[in-house]
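Notes follow once the structure below has been shown.
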Amino acid sequence: MVYFCLYGDEFPIDYVTEKLEIEPTKTYKKGEVIVRPHNPNVISTKTLYRKETAWELSTGYQESYDVKEQMDQILGPLKNKAAIINQVKAKYKLECKIFIVIIMENGDSPGLYLDNEQIEFASSVKAEIDIDLYANPYENEYDD
């Protein structure tokens, strides 16, 4: 999964959507309750609240052996909107980040390559890149 996130204290999400002319895949506002998936193994009574407001554009999880495919899906619609992103960032004191989330199954890992165009876009909007890697357990063919 790859997603682009604009986030900050509080800002009008609808305004960002209108300026970018892109429907976000997820949004949330500072102070909203964080809804966590039910896990019967975890007992938690503490309610957590969002610490920021965010506008996100995500691929969702997809099976892939090349992260570039998901990067292109997200950055394609955004690449000509760097000036608008920077205006919105300045107006509302926002930050932006590109998240790459990889879940490896059975020891298979995808290629992780960022091309010049992707790097230039991230630089043009001063986006940090956050890469999370998760390896699910797998059966070793040598186990008894």
Side-chain angles (χ1 to χ4, degrees), residues 1-17 19-42 44 46-143:
M1 171 171 58
V2 170
Y3 64 100
F4 173 84
C5 183
L6 272 167
Y7 62 94
D9 190 40
E10 291 185 61
F11 63 93
I13 292 169
D14 291 341
Y15 174 81
V16 173
T17 301
K19 292 300 280 183
L20 291 176
E21 298 177 320
I22 298 172
E23 265 317 302
T25 50
K26 180 179 182 179
T27 63
Y28 52 86
K29 294 182 179 176
K30 181 178 179 178
E32 287 180 353
V33 173
I34 297 174
V35 179
R36 293 180 282 186
H38 176 68
N39 182 341
N41 299 322
V42 177
S44 175
K46 186 173 180 176
T47 303
L48 300 176
Y49 298 91
R50 297 283 184 187
K51 295 179 182 171
E52 61 204 11
T53 299
W55 182 101
E56 294 181 2
L57 184 62
S58 174
T59 62
Y61 285 105
Q62 300 175 350
E63 190 170 326
S64 174
Y65 287 100
D66 187 357
V67 171
K68 184 179 179 333
E69 294 171 13
Q70 285 68 39
M71 287 289 286
D72 287 343
Q73 287 176 40
I74 293 305
L75 301 187
L78 295 169
K79 69 180 174 185
N80 295 324
K81 304 199 184 246
I84 296 168
I85 291 168
N86 286 327
Q87 289 170 350
V88 169
K89 283 180 62 181
K91 184 172 185 171
Y92 295 106
K93 298 183 175 119
L94 305 181
E95 300 293 327
C96 62
K97 196 178 279 194
I98 298 166
F99 292 86
I100 299 171
V101 184
I102 298 170
I103 301 175
M104 294 175 281
E105 299 285 349
N106 300 314
D108 294 333
S109 60
L112 181 51
Y113 168 79
L114 304 177
D115 65 25
N116 286 333
E117 192 175 349
Q118 294 165 341
I119 294 166
E120 285 174 16
F121 172 79
S123 177
S124 73
V125 297
K126 304 279 188 273
E128 294 179 346
I129 298 173
D130 184 323
I131 302 170
D132 294 327
L133 302 172
Y134 301 95
N136 283 337
Y138 60 95
E139 304 268 333
N140 186 328
E141 62 186 72
Y142 303 110
D143 287 346

Looking at [Y], is its backbone amide N or carbonyl O close enough to the side chain of [X] to form a donor-acceptor pair, meaning the two atoms are under 3.5 Å apart?
| X | Y | result |
| --- | --- | --- |
| Thr59 | Met1 | no |
| Ser123 | Glu120 | no |
| Lys68 | Leu112 | no |
| Thr53 | Asp9 | yes |
| Lys97 | Ile129 | no |

Is the shortest side-chain heavy-atom distance between [X] and [Y] below 4.5 Å?
| X | Y | answer |
| --- | --- | --- |
| Ile98 | Ile74 | no |
| Leu78 | Phe121 | yes |
| Tyr92 | Pro12 | yes |
| Tyr15 | Val88 | yes |

Between Glu117 and Lys79, is the salt bridge (Lys or Arg N to Asp or Glu O under 4.0 Å) condition met? List the steps. CA-CA 9 Å; Glu117 192 175 349; Lys79 69 180 174 185; 3.3 Å; yes
For residues [X] and [Y], report the shortest heavy-atom separation together with the two atoms involved.
| X | Y | answer |
| --- | --- | --- |
| Thr47 | Val33 | CG2-CG1, 3.8 Å |
| Glu95 | Lys89 | CA-CE, 4.3 Å |
| Leu94 | Phe11 | CD2-CD2, 3.3 Å |
| Phe99 | Cys5 | CE1-CB, 3.9 Å |
| Cys96 | Phe4 | CB-CZ, 3.8 Å |
| Pro24 | Thr27 | CG-CG2, 3.5 Å |

Before you tell me yes or no, could you show the steps for Lys26 and Ser58 under side-chain contact (heavy atoms from CB on, under 4.5 Å), namely the whole-Å CA-CA distance, both residues' side-chain angles and the distance that decides it to 0.1 Å? CA-CA 8 Å; Lys26 180 179 182 179; Ser58 174; over 6 Å; no
Worked check of side-chain contact (heavy atoms from CB on, under 4.5 Å) between Val101 and Ile131: CA-CA 6 Å; Val101 184; Ile131 302 170; over 6 Å; no
When you look at Ile22 and Leu57, which way does the side-chain contact (heavy atoms from CB on, under 4.5 Å) test go after all the steps? CA-CA 9 Å; Ile22 298 172; Leu57 184 62; 4.0 Å; yes
Once you round to the nearest 0.5 Å, how far does OH of Tyr49 lie from CD of Glu32? 12.0 Å
Please report the interatomic distance CD1(Ile119) to CG(Leu75), rounded to the nearest 0.5 Å.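 Separation between the atoms: 11.0 Å.
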Would you call Glu52-Lys29 a salt bridge at under 4.0 Å N-O?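 No, no charged N to carboxylate O under 4.0 Å.
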If only side-chain N and O atoms count, and only distance matters, is there a donor-acceptor pair under 3.5 Å linking Thr17 with Glu23?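 Glu23 vs Thr17: no donor-acceptor pair found between side chains.
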Using a distance-only test with no angle check, is there a side-chain donor-acceptor pair under 3.5 angstrom linking Gln62 and Glu69?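 The criterion, which ignores hydrogens and geometry beyond distance, is not satisfied for Glu69 and Gln62.
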Which is it for Met71 and Asp115 under the side-chain contact (heavy atoms from CB on, under 4.5 Å) test, yes or no, and what are the steps along the way? CA-CA 10 Å; Met71 287 289 286; Asp115 65 25; over 6 Å; no
Option passing side chain to side chain contact (heavy atoms under 4.5 Å, CB included) with Pro110 (candidates Ile100, Ile103, Ile102):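 Exactly one candidate clears the test, Ile102.
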